[in-house]
Amino acid sequence: MLLKFEVYRDGRWWGARSMGHAIFTQARTLDRLYENIKEAAYLHFEEAVDEGEKLEILILADAEVTGARKAATG
């Protein structure tokens with residue numbers, strides 16, 4: 001089963017919500033958020049996973065880069 005999550009920044013917190021399922025989680029860091037997404041998805045579909053269903057997670061995120069220097073080309 002493919003689960004799609006939209007990831008966004010809300011002040012000091014990162015949030016993630018599933019597209020098509022009632023799953024939401026948040027964390028202060030992206031690393032922790034990704035762990036929370038996996039845990040929340042498992043808990044939401046725990047019975048199906050225990051019966052052998054495989055969960056695949058696709059994370060959609062909007063990134064902003066500020067203060068980046070122009071890359072040198074040679």
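Numbers here are sequence positions counted from 1. What you see is a predicted model, and the numbers here were worked out from it, not measured in a lab.
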Note to self: So Leu3 and Ile37, do their side chains get closer than 4.5 Å, heavy atoms only?
What the structure shows: no
Note to self: By the salt bridge (Lys or Arg N to Asp or Glu O under 4.0 Å) test, which pairs, at least two apart or in different chains, include something from residues 19-29?
What the structure shows: none
Side-chain donor-acceptor pairs of residues 8-19 under 3.5 Å, sequence neighbours excluded:
{"residue": "Arg9", "atom": "NE", "partner": "Gly11", "partner atom": "O", "Å": "3.0"}
{"residue": "Arg17", "atom": "NE", "partner": "Glu6", "partner atom": "OE1", "Å": "3.0"}

Next item on the list: Determine whether Phe5 and Ile57 make a side-chain contact, defined as any pair of heavy atoms from C-beta on separated by less than 4.5 Å.
Entry: yes
Margin query: Could you work out, with salt bridge (Lys or Arg N to Asp or Glu O under 4.0 Å) as the rule, every residue matching Glu35, not counting sequence neighbours?
Written below: Lys38
Notebook entry, point to check: Under a single-linkage definition using a 4.5 Å side-chain heavy-atom cutoff for Ile, Leu, Val, Met, Phe, Trp and Tyr, are Leu30 and Leu60 assigned to the same hydrophobic cluster?
Noted result: no
Compile the donor-acceptor pairs under 3.5 Å between side chains in residues 39-54 and protein atoms, sequence neighbours left out, one pair per line.
{"residue": "Tyr42", "atom": "OH", "partner": "Asp50", "partner atom": "OD1", "Å": "3.3"}
{"residue": "Glu53", "atom": "OE2", "partner": "Met1", "partner atom": "N", "Å": "3.1"}

Notebook entry, point to check: Who pairs with Ala27 by side chain to side chain contact (heavy atoms under 4.5 Å, CB included), at least two apart in sequence or on another chain?
Noted result: Arg32, Leu33, Asn36
